[in-house]
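Take a look at the structure set out below.
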Amino acid sequence: MRFFFYLLGFGMSVIGGTTMIAYLNIMASRSDWKEYLVFISTKVECYFLPIGLFMTWLSIYFPSHDDG
């Protein structure tokens, strides 16, 4: 189960990161980073990056089992 959430989080972070990089092409036509951040905050697929990173982090560190 833990491995499943690790792969799911990794996949979501790859999709979100790739989409955010693809939207960097908008920077050529727009003027500053503020407009870029406002634009990507309106796109749902860009939320996959932080959610995926969080799921990956959770699958690695929680639940932690101490053998000792």
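Computation of the quantities below employed the complete heavy-atom set of this structure, encompassing side-chain atoms and omitting hydrogens, waters and symmetry-equivalent molecules.
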Exercise. Going only through I, L, V, M, F, W and Y residues with side-chain contacts under 4.5 Å, is there a path from Ile51 to Phe5?
Worked result: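 Hydrophobic grouping puts Ile51 with Phe5.
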For this session: Report yes or no: do Phe3 and Leu8 belong to one cluster of Ile/Leu/Val/Met/Phe/Trp/Tyr joined by side chain heavy-atom distances under 4.5 Å?
Result: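 No, it is not one cluster - the side chains of Phe3 and Leu8 are not joined through contacts under 4.5 Å.
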Rounded to the nearest 0.5 Å, how far apart are [atom1] of [X] and [atom2] of [Y]?
{"X": "Met55", "Y": "Phe4", "atom1": "CE", "atom2": "CZ", "answer": "7.5 Å"}
{"X": "Tyr36", "Y": "Met20", "atom1": "OH", "atom2": "CE", "answer": "4.5 Å"}
{"X": "Leu24", "Y": "Ile40", "atom1": "CG", "atom2": "CD1", "answer": "8.0 Å"}
{"X": "Ser59", "Y": "Tyr6", "atom1": "OG", "atom2": "OH", "answer": "7.0 Å"}
{"X": "Phe10", "Y": "Ile15", "atom1": "CZ", "atom2": "CD1", "answer": "11.0 Å"}
{"X": "Leu7", "Y": "Thr56", "atom1": "CG", "atom2": "OG1", "answer": "9.0 Å"}

Problem set entry | Minimum-distance pair of heavy atoms, taken over all atoms of Gly52 and Met12 |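 Heavy-atom minimum between the residues: CA-CB, 3.9 Å.
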Problem set entry | Side-chain (Tyr47) to main-chain (Ser41) donor-acceptor, under 3.5 angstrom |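 Here the side-chain-to-backbone pair exists.
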Exercise. So, Ser13 side chain and Leu53 main chain: donor-acceptor pair closer than 3.5 Å or not?
Worked result: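 Absent.
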Problem set entry | Candidate list Ile21, Thr19, Asn25, test side chain to side chain contact (heavy atoms under 4.5 Å, CB included), partner Tyr23, passing option |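 Among Ile21, Thr19, Asn25, the one that satisfies the side chain to side chain contact (heavy atoms under 4.5 Å, CB included) with Tyr23 is Thr19.
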For this session: Mind telling me whether Tyr61 and Trp57 have parallel, tilted or perpendicular rings, with 30° and 60° as the class edges?
Result: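 If you compare the ring of Trp57 with that of Tyr61, the planes turn out tilted.
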